[in-house]
Amino acid sequence: QVQLVESGGGLVQAGGSLRLPCAASGGTFSRYAMGWFRQAPGKEREFVAAISWSGSSTHYADSVKGRFTISRDNAKNTVYLQMNSLKPEDTAVYYCAARTYGASDSVYSSRWQYHYWGQGTQVTVSS
């Protein structure tokens, strides 16, 4: 069983930065494609960023492109979401997700393509 634990959320002013780690346990993290999603109150869960299990491919939602960076450290079984130039509309609960099989350079942007989810961490951006 794969367990994912996000951390690093909090309250930040617009224009600020946060880094969200997601630590994985169980299974073989280095073979998991990983993704970040977010959900604001009253809205659907939406894709933010994804990284292939090889780390060679990344993909971003248009709304965060150029501001957010996804990365992974397989030695630490951790995926990161670096968020810069934060905006009030980035306020949401952020979730990491793992897909346990796929090609080494494939990335996935649909929530239905992931097999395991973390519990989420709240990010609030004040104006």
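Just so you know, these numbers use all the heavy atoms, side chains as well, and skip hydrogens, waters and symmetry mates. Computed from a predicted model, the values in this text were never measured in an experiment.
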**OP:** Check whether NZ of the Lys or CZ of the Arg Arg72 lies under 6.0 Å from the centre of the six-membered ring of Phe29 and within 45 degrees of that ring's axis.
**Re:** yes

Within one Ile-Leu-Val-Met-Phe-Trp-Tyr cluster: [X] and [Y], side-chain cutoff 4.5 Å:
X: Val12; Y: Leu81; value: yes
X: Phe68; Y: Val125; value: yes
X: Trp53; Y: Tyr60; value: no
X: Tyr80; Y: Phe47; value: no
X: Met34; Y: Tyr108; value: no

Any heavy-atom pair between the side chains of [Y] and [X] that's under 4.5 Å?
X: Thr100; Y: Tyr116; answer: yes
X: Gln39; Y: Glu44; answer: no
X: Arg19; Y: Ser7; answer: no

**OP:** May I have the step-by-step check of side-chain contact (heavy atoms from CB on, under 4.5 Å) for Leu18 and Leu86, ending in yes or no?
**Re:** CA-CA 8 Å; Leu18 282 175; Leu86 283 161; 4.3 Å; yes

If I compare all heavy atoms of [X] with all of [Y], which pair ends up nearest, and what's the gap?
X: Ala98; Y: Leu4; result: N-CD1, 3.7 Å
X: Pro88; Y: Ala14; result: CD-CB, 4.1 Å
X: Gly27; Y: Tyr32; result: CA-OH, 3.1 Å
X: Tyr114; Y: Ala33; result: CE2-O, 4.0 Å

**OP:** Check the pair Thr91, Val123 against side-chain contact (heavy atoms from CB on, under 4.5 Å), reporting the backbone distance first and the verdict last.
**Re:** CA-CA 5 Å; Thr91 295; Val123 172; 5.9 Å; no

Counting N and O atoms only, with roles assigned by atom type, does the side chain of [X] sit under 3.5 Å from a partner on the main chain of [Y], one being a donor and the other an acceptor?
X: Gln122; Y: Gly10; answer: no
X: Arg67; Y: Ser85; answer: yes
X: Ser52; Y: Ser106; answer: no
X: Thr124; Y: Leu11; answer: no
X: Arg38; Y: Val93; answer: no
X: Glu6; Y: Cys22; answer: no

Original post:
For the atom pair CD1 (Ile51) and OG (Ser57), what is the distance rounded to the nearest 0.5 Å?
Top reply: 8.5 Å

Original post:
Can you tell me how far OG of Ser54 sits from CG of Asp105, rounded to the nearest 0.5 angstrom?
Top reply: 6.0 Å

**OP:** Could you walk me through whether Trp36 and Val79 pass side-chain contact (heavy atoms from CB on, under 4.5 Å), step by step?
**Re:** CA-CA 9 Å; Trp36 283 96; Val79 63; 4.0 Å; yes

Subject >> Ring centers of His115, Tyr101 separated by less than 6.0 Å >> reply: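 Yes, they do, as the ring centres are separated by less than 6.0 Å.
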
Subject >> Short N-O contact, Lys87 and Asp90, less than 4.0 angstrom >> reply: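 Salt bridge flag = no for Asp90 with Lys87.
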
Original post:
How about Ser30 and Thr28: does a side-chain donor come under 3.5 Å of a side-chain acceptor?
Top reply: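 No - no donor-acceptor pair under 3.5 Å links their side chains.
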
Original post:
More than 12 non-hydrogen atoms from neighbouring residues, nucleotides or ligands closer than 6.0 Å to NZ on Lys65, yes or no?
Top reply: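 Yes, because the 6.0 Å sphere around NZ of Lys65 holds more than 12 heavy atoms from other groups.
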
Original post:
Going through the checks in order, is the side-chain contact (heavy atoms from CB on, under 4.5 Å) test met by Gln82 and Ser17?
Top reply: CA-CA 8 Å; Gln82 177 66 45; Ser17 298; 4.0 Å; yes

Original post:
Which one of Tyr95, Tyr94, Trp117 satisfies the ring pair (Phe, Tyr, Trp, His ring centres under 6.0 Å) criterion with Phe37?
Top reply: Trp117

